[in-house]
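Everything below concerns the one structure shown next.
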Amino acid sequence: EVQLVESGGGLVQAGGSLRLSCAASGFTFDDYAIGWFRQAPGKEREGVSCFSSRGSRTYYVDSVKGRFTISSDNAKNTVYLQMNSLKPEDTAVYYCASARSGYYCSGYGFFSRSYNYWGQGTQVTVSS
């Protein structure tokens, strides 16, 4: 059974940094995609960033480009989301999710409907 566990959320002031971790188990790390999504109160879920095992391809939504960095440590079965220069509008519950193929993270975007397994979420709150 695939399990994803997020950690690293918290309260930070605007301009600060957090690193989210997504620890995965139950699937082979040979062809996969991991996506980070977020949902703020009263807003729709938004895809923030994804990582594909196919050539270590990554994607970032425009609002986080240059501030967030996604990376994967296969030895630890963990994908990270380094978030710098945080803004109050980054406040949300952040979820990681996995897809069965690296195909589902392209340089053009990714879609939540392609991601099969989801973590429980971690709260990120950025104060102004």
Side-chain angles (χ1 to χ4, degrees):
E1 180 185 359
V2 175
Q3 289 189 328
L4 302 172
V5 179
E6 302 100 333
S7 61
L11 172 65
V12 65
Q13 289 188 332
S17 298
L18 286 172
R19 188 177 78 160
L20 304 184
S21 299
C22 175
S25 61
F27 71 90
T28 56
F29 265 64
D30 52 2
D31 187 13
Y32 69 93
I34 296 287
W36 283 98
F37 300 81
R38 66 186 179 187
Q39 189 164 21
K43 295 188 176 181
E44 292 187 356
R45 184 170 53 196
E46 174 188 37
V48 175
S49 179
C50 66
F51 178 95
S52 169
S53 60
R54 299 187 179 187
S56 298
R57 184 168 57 216
T58 60
Y59 170 83
Y60 301 92
V61 69
D62 285 348
S63 60
V64 308
K65 282 181 181 177
R67 300 189 297 123
F68 290 11
T69 303
I70 192 169
S71 61
S72 177
D73 185 338
N74 282 7
K76 296 183 178 180
N77 287 2
T78 301
V79 172
Y80 303 98
L81 186 67
Q82 178 68 44
M83 306 187 297
N84 298 329
S85 302
L86 283 162
K87 303 176 181 180
E89 51 264 43
D90 294 318
T91 295
V93 178
Y94 283 70
Y95 301 89
C96 69
S98 67
R100 293 194 179 101
S101 168
Y103 170 82
Y104 295 111
C105 173
S106 77
Y108 302 100
F110 61 117
F111 301 95
S112 61
R113 62 176 180 266
S114 300
Y115 287 70
N116 311 98
Y117 299 96
W118 293 75
Q120 82 287 351
T122 185
Q123 176 71 46
V124 172
T125 303
V126 184
S127 63
S128 58

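Please read all numbers here as calculations on a predicted model, not as lab measurements.
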Quick one: list whatever passes ring pair (Phe, Tyr, Trp, His ring centres under 6.0 Å) with Phe110, sequence neighbours left out.
->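 For Phe110, the residues satisfying ring pair (Phe, Tyr, Trp, His ring centres under 6.0 Å) (neighbours in sequence not counted) are Phe37, Tyr59, Tyr115.
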
Would you say the side chain of [Y] lies within less than 4.5 Å of the side chain of [X], judging by non-hydrogen atoms?
X	Y	answer
Arg38	Val64	yes
Met83	Asp90	no
Ser63	Glu89	no
Cys105	Arg54	no

Run the numbers on Ser71 and Asp73 for side chain to side chain donor-acceptor pair (under 3.5 Å), then give the verdict.
-> CA-CA 7 Å; Ser71 61; Asp73 185 338; over 6 Å; no

Going by the angle between their ring planes, with limits at 30° and 60°, are Trp118 and Tyr95 parallel, tilted or perpendicular?
->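 Plane angle over 60°, so perpendicular.
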
Roughly how far apart are [X] [atom1] and [Y] [atom2], rounded to 0.5 Å?
X	Y	atom1	atom2	result
Thr69	Phe51	OG1	CZ	12.5 Å
Gln120	Cys96	CD	SG	7.5 Å
Asn77	Leu4	CG	CG	10.5 Å
Ile70	Ser56	CD1	OG	11.0 Å
Thr78	Leu20	OG1	CG	12.5 Å

Looking only at heavy atoms, what is the nearest atom pair of [X] and [Y], with distance?
X	Y	answer
Tyr94	Glu6	O-OE2, 4.0 Å
Ser128	Ala14	CA-CB, 4.4 Å
Asp31	Gly102	OD1-N, 2.8 Å
Arg67	Ser85	NH1-O, 2.9 Å
Ser49	Leu81	CB-CD1, 4.1 Å
Ala92	Gln123	O-NE2, 3.4 Å

Co-membership, hydrophobic cluster, residues [X] and [Y], 4.5 Å side-chain:
X	Y	value
Leu86	Leu11	no
Tyr103	Tyr32	no
Tyr80	Val61	no

Any Lys/Arg nitrogen of Lys65 or Asp62 sitting under 4.0 Å from an Asp/Glu carboxylate oxygen of the other?
->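 Yes, Lys65 and Asp62 are salt-bridged.
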
Around atom OH of Tyr60, are there more than 12 heavy atoms of other residues, nucleotides or ligands at under 6.0 Å?
->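 Check passes, neighbour count above 12.
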
Under the side chain to side chain contact (heavy atoms under 4.5 Å, CB included) rule, what do Trp36 and Val79 come out as? Steps first, then yes or no, please.
-> CA-CA 9 Å; Trp36 283 98; Val79 172; 3.9 Å; yes

Run the numbers on Asn116 and Tyr104 for side chain to side chain donor-acceptor pair (under 3.5 Å), then give the verdict.
-> CA-CA 11 Å; Asn116 311 98; Tyr104 295 111; over 6 Å; no

Quick one: hydrophobic cluster around Tyr108, which other residues, with the 4.5 Å side-chain cut-off, linked directly or via members?
->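 Its cluster mates, by chain and number: none.
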
